[in-house]
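Only one structure is covered here, and it is reproduced in the block below.
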Amino acid sequence: MTQDAARDGAAPLWSLTLAEASARIAAGSLSPVALLEAFLARISEVDERIHSYIHVAAAQARAAAALAESQIAAGQWKGPLHGIPFAVKDNYDVAGMPATAGSRLRLNHVPTGDAALVAQLKSAGAILIGKLATWEFGTGNGGEYFDLPFPPARNPWDTERFTGGSSTGAGTSVAAGTAMFALGSDTTGSVRLPASATGTVGLIPTPGRLSTRGILPNCWSLDIPGPFTWTVEDCAIVMDALIGVPVDGVPGVPGVGGVLGVGAAAGVGGLGGLGGVSAVGGSSGAGSAGGARSLSRAVGQPVAGMHVAVIDDPGPGFPKADAALAAGLEEAVRVLERLGVRITRTRLPIPAAECFAATRKIGPAETAAIHKKEFTEQADLMGFALRDKLTGGSLVSAVDYLAAQQLRRKVADGIDAMLRGYDALVTFGTLHLPPRLGVEPEMTAFTVETMLTPFNLSGHPALVQCTGFANGLPLHWQVVGNRGDEASIIRLASAYERATPWRERRAQP
């Protein structure tokens, strides 16, 4: 606890929610400089044990915080992210900062421009602290092998535990208080998996809602960027800034969502993918980025009368969820029922194991195509996980790839039909508690045996949040919405969060 963060028993500044810190900054009772210094002190205190950062840009962050403070003092408040510290997964480009993506092949790569989402956050006045740990090239085969140039991020609830992948540092930083919020990317779970392991909120919006420009691609047809935050309200605030919603008369930054068909932003069009299945914003009137409904306004709205589907079984091919997760899901459903939500039990139209198998044809094949030159010329410099994935991807036939894309369309149509008539769906993220770091069978099961990939294939927005703790490790569930309807996810998840005490407990590595 730093001196400027704790006076008279007050909570340390790094433990404030984004909404709390933003309100204090707007009211003039909190300095952006003091807030940043609290996070830099927290990094100095704990990061050598959790390895959330690859690169800390303290000097640039201090300059940006000083500028934000002077702007706000002069009456030039830009909105709720003005003066708020954040960090990004190291597959995002940031001008003048290394963008290693955790790889020896990119140790000297320094971009000259910012990724689109980084530029939007800077424009909103947010303060970039640095770059966060990730699996090599933001991908892998499900395990950690301790053979990369940077140590793997550690779970702040238990540093001998796995953080999930591949947005490892992003989940760790928000859980441990080394960043107030973070940006990651998700292809088959790489936002929601670390969120489940670290007890944070991780959201993937409808594909096309957020730009992927300036993010090292992993899989053209499945990559989706998304934020990590401590609370659902914080998540809504970040998303509003990223999709360009005006707040209190402050102009929004134009986003990229709206009229793109799902999959079109990734360039897959109608090639067995999801091009044209549904326009972003089509199901609920959430609208395009330029005129999107504020997600923050969904926070705290009553949920009585909402109709929610519950899936507690992954179907054949995967095991049942761990007992603690299953009990946590059932108790969370009871909380919704007490809030007046109507519950109906249902099943996935296609088992989660079949969905995962399809992603194992699509993802590795596209990754191998993207990184063919590096794999051909510099495979000896790669870590085992990346090399293993690229080897497998290079062996996927065109016939199998196209069959997987056709299955993807069936998954999307099936989940659309299943969700028709429901406001949201709740299920598990992964089916296991965070495993021991370095124990490959446990890590692989945690990464593979999930309920995450069906919604990557289908293009539905999904959020993971904490639902309690078992043996000191976070429990979680996944809340899924109709395509384009992030607002109903935020509404339901925030109601659950406000009815439970889980956000009062912070990790102390």
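Just so you know, residue 1 is the first one in the sequence shown, and it goes up from there. Values in this document were obtained by computation on a predicted structure and should not be read as measured data.
- One finds no salt bridge joining Glu374 and Arg104 here, because no Lys/Arg side-chain nitrogen approaches an Asp/Glu carboxylate oxygen to under 4.0 Å.
- Between the side chains of Asn91 and Ser185, a donor-acceptor pair is found at a separation under 3.5 Å.
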What do the steps show when you test Arg192 against Asn456 for side-chain hydrogen bond (donor to acceptor under 3.5 Å, both in side chains), and what is the final call?
CA-CA 11 Å; Arg192 292 159 296 152; Asn456 291 101; 2.5 Å; yes
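- In this structure, the side-chain hydrogen bond (donor to acceptor under 3.5 Å, both in side chains) partners of Tyr145, at least two apart in sequence or on a different chain, are Asn141, Glu440.
- The backbone N or O of Pro217 lies less than 3.5 Å from no partner atom in the side chain of Asp223, so there is not a single donor-acceptor pair.
- A donor-acceptor contact shorter than 3.5 Å is absent between the side chain of Arg347 and the backbone of Asp313.
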Is there a side chain to side chain contact (heavy atoms under 4.5 Å, CB included) between Leu193 and Thr450? Walk through the geometry before answering.
CA-CA 9 Å; Leu193 196 68; Thr450 80; 4.3 Å; yes
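- Looking only at distances, no side-chain donor or acceptor of Arg161 sits under 3.5 Å from a matching main-chain atom of Asn155.
- By the 4.0 Å N-to-carboxylate-O rule, Glu337 lies too far from Arg334 to be salt-bridged with it.
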Step by step, work out the side chain to side chain contact (heavy atoms under 4.5 Å, CB included) result for Lys361 and Leu407.
CA-CA 11 Å; Lys361 302 298 183 185; Leu407 179 64; over 6 Å; no
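- Thr172 places none of its side-chain heavy atoms less than 4.5 Å from the side chain of Arg154.
- Residues Val303 and Leu336 are not in side-chain contact: their nearest non-hydrogen atoms beyond the backbone lie 4.5 Å or more apart.
- Annotation for Ala175 and Ala507: closest pair O-CB, 3.7 Å, computed over non-hydrogen atoms.
- Separating the OG atom in Ser211 from the CD1 atom in Ile243 is a distance of 14.0 Å, to the nearest 0.5 Å.
- Within the model, atoms CZ of Phe375 and OG1 of Thr391 stand 3.5 Å from one another, a figure rounded to the nearest 0.5 Å.
- Of all heavy-atom pairs spanning Lys131 and Ala99, the tightest one is NZ-CA, 3.6 Å.
- You'll find the side chain of His51 stays beyond 4.5 Å of the side chain of Phe150, heavy atoms only.
- Using a distance-only test at 3.5 Å, with no hydrogens or angles considered, no donor-acceptor pair links the side chain of Asn482 to the main chain of Asp485.
- In this structure the side chain of Phe86 never reaches within 4.5 angstrom of the side chain of Val238, judged on heavy atoms.
- Smallest separation of non-hydrogen atoms from Val335 and Ala499: CG1-CB, 3.9 Å.
- A heavy-atom distance below 4.5 Å is not found between the side chains of Phe228 and Val201.
- Ring geometry for Phe356 versus Phe318: interplanar angle of 30 to 60°, hence tilted.
- Proximity of Gln301 to Ile490: side-chain heavy atoms (C-beta onward) are nowhere separated by under 4.5 Å.
- Put simply, CG on Asn218 and OG1 on Thr187 are 4.0 Å apart, with the number rounded to the nearest 0.5 Å.
- The backbone N or O of Leu329 lies less than 3.5 Å from no partner atom in the side chain of Asp312, so there is not a single donor-acceptor pair.
- At a threshold of 4.5 Å between non-hydrogen side-chain atoms, the residues Gln478 and Phe428 do not count as touching.
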Worked check of side chain to side chain contact (heavy atoms under 4.5 Å, CB included) between Leu475 and Leu433
CA-CA 7 Å; Leu475 306 173; Leu433 290 171; 3.5 Å; yes
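- Atom CG of residue Leu203 and atom CZ of residue Arg209 lie 10.0 Å apart, to the nearest 0.5 angstrom.
- Remark: side-chain polar atoms of Asp90 are not paired, donor with acceptor, to backbone N or O of Ile54 under 3.5 angstrom.
- Under the side-chain contact (heavy atoms from CB on, under 4.5 Å) rule, Ile50 has a single partner from Thr163, Thr168, Thr159, which is Thr159.
- Between the side chain of Gln120 and the backbone N or O of Leu242, at least one donor-acceptor pair lies under 3.5 Å.
- Nearest heavy atom pair, residue Pro225 against residue Thr212, reads CD-CG2, 3.7 Å.
- Ile362 and Ala404 get closest at one heavy-atom pair: CG1-CB, 3.7 Å.
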Kindly indicate, with the supporting measurements, whether the criterion salt bridge (Lys or Arg N to Asp or Glu O under 4.0 Å) is fulfilled by Arg338 and Glu331.
CA-CA 11 Å; Arg338 290 195 292 270; Glu331 177 54 35; 3.3 Å; yes
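- Trp502 and Phe469 have perpendicular rings, their planes meeting at more than 60° on a 0 to 90° scale where under 30° would count as parallel.
- For Glu366 (side chain) and Trp220 (main-chain N/O), a donor-acceptor pair under 3.5 Å exists by modelled atom type.
- Separating the CZ atom in Arg506 from the CH2 atom in Trp157 is a distance of 7.5 Å, to the nearest 0.5 Å.
- Counting only distance, with no hydrogens or angles, the side chain of Arg483 and the backbone of Ser458 share a donor-acceptor pair below 3.5 Å.
- With rounding to the nearest 0.5 angstrom, the NZ atom of Lys89 is 12.0 Å from the OG atom of Ser173.
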Assess the residue pair His307 and Asp423 against the criterion (side-chain hydrogen bond (donor to acceptor under 3.5 Å, both in side chains)); give the C-alpha distance rounded to whole Å, side-chain angles, the decisive distance to 0.1 Å, and a yes or no.
CA-CA 5 Å; His307 193 186; Asp423 295 294; over 6 Å; no
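- The two residues Gly429 and Leu452 make their nearest non-hydrogen contact at CA-CD2, 3.6 Å.
- Side-chain contact between Leu210 and Met239 is present, with at least one heavy-atom pair separated by less than 4.5 Å.
- With salt bridges taken as basic N to acidic carboxylate O contacts below 4.0 Å, one links Arg345 and Glu330.
- Arg498 meets the side-chain hydrogen bond (donor to acceptor under 3.5 Å, both in side chains) test with no other residue; sequence neighbours excluded.
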May I have the step-by-step check of side chain to side chain contact (heavy atoms under 4.5 Å, CB included) for Thr359 and Leu457, ending in yes or no?
CA-CA 8 Å; Thr359 66; Leu457 291 174; 3.7 Å; yes
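- In this structure a side-chain-to-backbone donor-acceptor pair under 3.5 Å is missing from Glu233 to Ser494.
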